[in-house]
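Numbering of ligands and ligand atoms starts at 1, following listing order.
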Amino acid sequence: MSPKSLTDVFKLNDGFSIPCVGFGTWQTPEGDVAVQAVKDALAAGYRHIDTAFAYYNEKGVGQGIKESGIPREEIFITTKLWNTERGYEKTLASLPQSLKNLGVEYVDLYLIHWPANDKVYDNPVEVNVATWKAMEKLQKDGLVRSIGTSNFLGPHLEQILGVCDVKPAVDQIEFHPGYPQFEAVKFCQERGIQVEAWSPLGCGRVLDDERLKALAAKYGKTVAQLCVRWALQLDVLPLPKSTKAERIQSNAQVFDFEISEEDMKTINELPEFGYSTFSPYELEF
Ligand code: A2P
């Protein structure tokens, strides 16, 4: 697909649609900053906001949405289940807290933030499956529209795909030039799971790269715009974060240029750099 504006959508495997660029809020401070950032994003035309219980800014995000004056149903809201709340019962109990924080009756997308792994659990597969079963129940109960995962790689997704009634609609992973995780992207795309990119700007770490600067200059664009566009051209949904109105606007101005096949290949093949070092296999929480 070749999206033409912020409100163009990717179709999810459950029939719902998701606006093709989301506004990221990881590390956006709770309170006035979160409220203002979300209002700035909505004013700039974003209609998809990504938060998480563990970002501790759900209240500000919800407040920003309310103060924007845009009807809630016109905004796609994602939040995520935090790691301490894994398992069937705790998952069921956790979403209502996020809904309360956000001040909404449902979220458009609910994600398991990180897979359970064997650094923390004796039975991580069982935990992931139980958590997923609760996600299915929340969907059935109408509290969430779509359900998915975050930071799940192929082997984690296989744990769920083997036993689920509803397959994940989305998987959100770290994805940016220098760390595109193409193996996981291919795994998802072959199975109809929409990939979302967290830290599409490498959390700022890739923005000073001279190779990317040279490519961006060729198109008269910033490196941030190049990163967002590059993700879109690979059918990956970028979630750029900023707290500055000017950057929020500029990061979304990605529909008036196209990265050539040759330049896509150059970016795809950059050696690893800018990696967060957050591995779902190694994380101890
Ligand atoms: P700030 O919030 O101060 O603008 P990512 O989306 O990959 O997680 O990257 C977010 C980081 O990149 C934040 O530190 C953000 O800082 C910074 N950032 C976002 N947009 C831009 C931009 N257009 N130019 C420079 N830095 C940016």
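Nearest heavy-atom pair, Asn13 versus Gly192, reported as atom, atom and distance to 0.1 Å: ND2-O, 3.2 Å.
Ser150 meets the side-chain hydrogen bond (donor to acceptor under 3.5 Å, both in side chains) test with no other residue; sequence neighbours excluded. Among residues two or more places apart in sequence or in another chain, the side-chain hydrogen bond (donor to acceptor under 3.5 Å, both in side chains) test is passed with Lys100 by none. Evaluation of the side-chain hydrogen bond (donor to acceptor under 3.5 Å, both in side chains) rule for Thr222 yields Gln225 as partners, not counting sequence neighbours.
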Return a table of N or O atom pairs, ligand 1 on one side and protein on the other, at distances under 3.5 Å, rounded to 0.1 Å.
| residue | atom | partner | partner atom | Å |
| --- | --- | --- | --- | --- |
| ligand 1 | 2 (O) | Lys241 | NZ | 2.8 |
| ligand 1 | 2 (O) | Thr243 | N | 2.9 |
| ligand 1 | 2 (O) | Thr243 | OG1 | 3.2 |
| ligand 1 | 3 (O) | Lys244 | NZ | 2.5 |
| ligand 1 | 3 (O) | Arg247 | NH1 | 3.3 |
| ligand 1 | 4 (O) | Ser242 | OG | 2.5 |
| ligand 1 | 4 (O) | Arg247 | NH1 | 2.7 |
| ligand 1 | 6 (O) | Lys241 | N | 2.9 |
| ligand 1 | 7 (O) | Pro200 | N | 3.4 |
| ligand 1 | 7 (O) | Leu201 | N | 2.7 |
| ligand 1 | 7 (O) | Gly202 | N | 3.3 |
| ligand 1 | 7 (O) | Cys203 | N | 2.8 |
| ligand 1 | 8 (O) | Ser199 | OG | 3.2 |
| ligand 1 | 16 (O) | Arg247 | NH1 | 3.4 |
| ligand 1 | 20 (N) | Asn251 | ND2 | 3.0 |
| ligand 1 | 23 (N) | Asn251 | OD1 | 2.9 |
| ligand 1 | 26 (N) | Arg247 | NH1 | 3.4 |

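The aromatic rings of Trp26 and Trp198 lie perpendicular to each other, with more than 60° between the two planes, well past the 30° mark. Ring orientation note: the planes of Phe175 and Trp230 are close to parallel, at an angle under 30° on the 30°/60° scale.
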